[in-house]
Amino acid sequence: MRTKILTLLFFSALLAACSSGVKLDEVPVEDRSSTSPRANVQSQPIVSAAQTSVSSLISEKTNNGMGPAGVEHVVFFDYDSFVVRADARPVIENHARFLQVNKQRKANLEGHTDERGGREYNLALGQKRAEAVRQALALLGVSDAQLEAVSYGKEKPSAQGSAESDLAKNRRVEIRY
């Protein structure tokens, strides 16, 4: 009986030591469409006409059917976080416009992490990152049927190495069509 109690205490302590302070059950994306600051942001152009035309953003033919031409396909995240950063807003808004015009197109949102952390934790974090981008796109009017969120965790790094610049490149969601 004493052995069972000690074993139970040991496994309880082990589980407590493996837990993280990061909550992976809430995706922190806000719908600000009804507030006046959001309205002001929407009226400002995301991409200038000199950089790309609207037709090249929404036409499949300009980029061999790979999504909006001239638009980044990667959203980066901070360490141990699945909060969509402000610098990702133009990328997400451009993809949302493309998907709204091309209702037949579907996007895979592939969540990735850096090499730190366990396999299961990184798979969960990658999924939460993909879901955060999915929710941001949905708030901008993209149909849920057009989006699929998956996680690769730390299994498919973009950059090799353990320098902070390499790790930062691996904390991402790739938007693939």
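The backbone N or O of N170 sits nowhere less than 3.5 Å from a side-chain atom of H112 that would complete a donor-acceptor pair. Q127 places no side-chain N or O within 3.5 Å of a backbone atom of G153 that could act as its donor or acceptor partner.
A distance of 13.5 Å separates CD of E120 from CG of L125, quoted to the nearest 0.5 Å.
With respect to the salt-bridge test (charged N to carboxylate O, under 4.0 angstrom), the residues K106 and E148 do not qualify. A salt bridge links R172 to E174: at least one charged side-chain nitrogen sits closer than 4.0 Å to a carboxylate oxygen.
The shortest distance between side-chain heavy atoms of F76 and R85 falls below 4.5 Å.
In this structure, Y177 has its ring center closer than 6.0 angstrom to the ring center of H95.
Nearest heavy atom pair, residue N122 against residue G117, reads ND2-O, 3.3 Å. Among all heavy-atom pairs drawn from V173 and A130, the shortest one is CG2-N, 3.6 Å.
Here L167 pairs with D114, E115, R116, E164, R171 under the side chain to side chain contact (heavy atoms under 4.5 Å, CB included) rule; sequence neighbours left out.
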### side chain to side chain contact (heavy atoms under 4.5 Å, CB included) between R134 and D144, worked out
CA-CA 8 Å; R134 177 186 206 153; D144 201 39; 2.9 Å; yes
### Task
Decide side chain to side chain contact (heavy atoms under 4.5 Å, CB included) for E131 and F82; before the verdict, give the C-alpha distance in whole Å, the side-chain angles of both, and the deciding distance to 0.1 Å.
CA-CA 9 Å; E131 291 292 339; F82 55 94; over 6 Å; no
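Under the side chain to side chain contact (heavy atoms under 4.5 Å, CB included) test applied with I92, the options V84, V142, L139 reduce to a single match, V84.
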